[in-house]
Protein chains: 2
Amino acid sequence: MRIDTIETRAPTAPVSSTEDDVLRQIEQAVLDHRLPPGTKLKEVQLAEVFGVKRGTIRKVLTRLANSRLVVQLPNRGASVASPSVEEGRDLFAARRAIESAIIEILVRRNDPALMGQLRTLLENEQKAYQLGDHKLALPLSVDFHRQLAKLAGNSVLEEFLNDIIRRTPLVILSHLGSDSENACRNHEHEGIVDAIAAGDFNKASLIMNEHLLHIENQISDKTEEHQSDLAALLLSN
Amino acid sequence: MRIDTIETRAPTAPVSSTEDDVLRQIEQAVLDHRLPPGTKLKEVQLAEVFGVKRGTIRKVLTRLANSRLVVQLPNRGASVASPSVEEGRDLFAARRAIESAIIEILVRRNDPALMGQLRTLLENEQKAYQLGDHKLALPLSVDFHRQLAKLAGNSVLEEFLNDIIRRTPLVILSHLGSDSENACRNHEHEGIVDAIAAGDFNKASLIMNEHLLHIENQISDKTEEHQSDLAALLLSN
DNA sequence: TGATATATTATTGTTAACAATATTTAACTC
DNA sequence: GAGTTAAATATTGTTAACAATAATATATCA
């Protein structure tokens with residue numbers, strides 16, 4: 001994998017970008033697996049690609065390392081992280097705990113204005129689904145979870161959830177090779193909102209947990225397939 | 001507050017320190033309120049105090065900003081953070097959710113070897129309390145929570161809890177002026193371990209929540225005192 | 001004096017050159 | 001050819017000088 005493939009424009013005219021731009025672009029390249037796990041991220045190369053100084057790249061790489069998308073080793077630079085299956089499990093387990101806490105807050109809040117906002121989110125999602133627009137539906141379904149966190153009004157939980165959401169695609173990627181349809185099922189989102197509106201924390205939390213487990217199981221199922229493939233290979237020797 | 005007071009040795013012979021050393025020392029100075037919230041952290045000054053290059057200080061300051069102990073503003077440098085009461089509330093609420101999740105894992109695990117390790121932690125704590133050694137007891141009581149997270153084996157939850165624990169003293173400091181006895185009550189720790197051993201998640205979680213709420217209330221009680229003091233002042237005008 | 005503009009200084013931000021380290025290549029031995 | 005050492009190269013890490021910005025002090029004028 002050559003790193004210059006992450007620039008979609010002609011590389012002869014490097015676009016001068018700010019630090020945040022570079023960050024977003026590299027992050028996107030990682031999540032689109034144009035930069036697969038393990039890829040070495042060389043500073044001068046990246047600096048040339050984005051038309052920035054090496055110092056900028058350096059800062060971006062440490063920021064990416066903070067969010068675990070990149071691993072930095074002393075004197076050996078940075079590469080795209082290859083999170084373990086354990087990390088994936090931990091990430092999902094933590095996510096269930098955090099989203100449960102968020103729902104608890106929302107139920108206790110019992111704010112009608114808030115419920116209106118949630119309904120709007122659902123409608124936008126549904127429209128995208130009905131149009132069959134998957135490119136649009138995926139980000140919207142992720143956004144549903146983010147907005148739930150924001151509306152709960154706990155900045156710490158919100159940060160934590162965003163951290164998890166940022167890391168999740170790479171974990172999936174590392175063990176499946178592609179970020180296949182892990183979009184949320186819209187009717188479950190609707191069920192969650194209904195339960196919150198009804199003030200039923202247990203139900204809302206239950207649906208959310210099933211919802212998240214569903215996504216997680218899609219992944220671990222395929223991981224097991226991978227493992228059995230490997231077992232078959234070993235036995236055929 | 002002069003920054004050079006954070007070096008306990010004679011400042012004439014600056015001790016050469018590694019980046020992590022500097023980080024720890026500044027962090028400790030913040031948590032000991034030798035550097036109170038709002039204190040400007042000037043790069044050259046800090047570099048001289050610790051006998052390191054400005055670049056080192058720069059990296060340390062961004063790391064501290066990542067853990068919210070320090071705030072960085074473009075072209076205006078870094079200062080010790082002054083977290084809001086809301087942030088304090090959010091931090092405690094998030095902590096309850098996370099420690100509950102940790103307990104759930106531990107209960108489900110039901111590992112006798114693990115329970116032995118928890119008992120050892122309790123004993124060490126109890127010894128320190130019986131000796132009346134508060135200087136020792138406080139870190140041990142914090143460590144109990146950290147170890148619980150570690151033993152649960154979820155690296156994400158462990159990181160999140162450590163993040164919260166790191167930020168908590170500054171929040172308390174910012175609204176009380178001193179990190180007064182917020183040590184945990186040891187018998188509650190014992191109750192938590194007992195309930196985990198008995199496989200009673202609800203009970204363990206309940207005690208933990210009460211335990212954390214107790215610490216939180218100590219703080220908000222005093223904050224309200226502050227507020228009423230202010231109200232009295234305003235009325236006396 | 002008090003307010004505003006200007007110069008001075010202090011502080012943060014950036015960069016290009018250098019140093020240190022790791023990686024690759026080539027040369028050599030067996 | 002496999003393995004080992006040594007040179008050459010590539011890559012990361014550090015630094016000191018410079019640039020840009022903000023904060024402070026001084027001067028000017030009503």
Side-chain angles (χ1 to χ4, degrees), chain A residues 1-7 11 14-23 25-26 29-30 35-82, chain B residues 1-7 11 14-23 25-26 29-30 35-82:
Chain A
M1 161 69 54
R2 281 166 53 209
I3 288 186
D4 41 333
T5 59
I6 66 182
E7 176 58 272
V15 176
S16 172
S17 330
T18 168
E19 188 179 315
D20 288 330
D21 282 338
V22 174
L23 181 85
Q25 292 191 58
I26 295 181
V30 168
L35 293 177
T39 307
K40 193 79 201 303
L41 300 172
K42 296 182 189 175
E43 298 177 357
V44 286
Q45 205 174 353
L46 288 169
E48 283 166 10
V49 167
F50 292 109
V52 297
K53 302 296 175 192
R54 193 155 68 92
T56 308
I57 297 297
R58 220 146 215 285
K59 282 192 260 177
V60 166
L61 290 176
T62 32
R63 283 172 67 184
L64 287 168
N66 280 336
S67 52
R68 314 279 170 169
L69 258 43
V70 152
V71 171
Q72 280 179 316
L73 291 171
N75 291 319
R76 310 185 62 165
S79 24
V80 178
S82 319
Chain B
M1 160 71 53
R2 283 166 50 209
I3 288 186
D4 40 335
T5 59
I6 65 180
E7 175 59 272
V15 177
S16 171
S17 330
T18 167
E19 187 178 315
D20 288 330
D21 282 338
V22 174
L23 181 85
Q25 291 191 60
I26 296 181
V30 169
L35 293 177
T39 307
K40 193 80 201 302
L41 300 172
K42 297 181 187 173
E43 297 176 357
V44 286
Q45 204 173 354
L46 287 170
E48 282 165 10
V49 168
F50 292 108
V52 297
K53 302 295 175 193
R54 194 155 69 94
T56 308
I57 297 296
R58 220 144 215 285
K59 281 191 261 176
V60 166
L61 289 176
T62 34
R63 282 172 67 184
L64 287 168
N66 279 337
S67 51
R68 313 280 170 166
L69 259 43
V70 152
V71 171
Q72 281 179 314
L73 291 172
N75 290 319
R76 311 188 62 166
S79 23
V80 178
S82 320

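Atom set for the values below is all heavy atoms of this structure, side chains included, hydrogens, waters and symmetry mates excluded. Letters A, B, ... are given to chains in the order of the sequence lines, protein chains preceding strands, and every chain is numbered from 1.
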### Task
Would you kindly give the CG-to-P distance between A/Leu73 and C/dA22, to the nearest whole Å?
11 Å

### Query
Hey, are A/Asp20 and A/Arg63 close enough for a salt bridge, meaning a charged N less than 4.0 Å from a carboxylate O?
yes

### Query
CG of A/Leu35 to CG of A/Leu41: how many Å apart, nearest 0.5 Å?
6.0 Å

### Query
A/Leu61 has an atom CG; how far is it from atom P of D/dT11, in whole Å?
14 Å

### Message
If you compare every side-chain N and O of B/Lys59 against the phosphate oxygens of D/dG13 (OP1, OP2), does one of them come in below 4.0 Å?
### Response
no

### Query
Quick one: which of C/dG13, C/dT11, D/dA16 gets closest to the side chain of B/Lys40?
C/dT11

#### Entry: Rounded distance (nearest 0.5 Å) linking atom NZ of B/Lys42 with atom CD1 of B/Ile57
14.5 Å

#### Entry: Interatomic distance, A/Arg54 atom CZ to A/Leu46 atom CG [nearest 0.5 angstrom]
11.5 Å

### Task
Check the distance between C/dT12's C1' and B/Lys42's NZ and give it to me in whole angstrom.
12 Å

### Message
Is there a side-chain contact between A/Arg58 and the phosphate of D/dG13, meaning an N or O under 4.0 Å from OP1 or OP2?
### Response
yes

### Query
Atom CG of B/Leu46 to atom P of C/dT12: distance rounded to whole Å?
9 Å

#### Entry: Donor-acceptor pair (no angle test) under 3.5 Å: B/Arg76 side chain, C/dG13 base
no

### Summary
Winner on side-chain proximity to A/Lys53, out of C/dA16, D/dG13, D/dA17, is C/dA16

## Note on the structure
Walking DNA chain C from its 5' end, the first of A/Arg54 and A/Pro74 to be reached, judged by nearest nucleotide, is A/Arg54

### Integer-rounded Å distance: C/dT14 P and B/Glu43 CD
11 Å

### Query
Just checking B/Gly77: base, sugar-phosphate only, or nothing, at a heavy-atom cut-off of under 4.0 Å?
sugar-phosphate

#### Entry: Contact nearer the 5' end of DNA chain C, comparing B/Asn75 with A/Asn75
B/Asn75

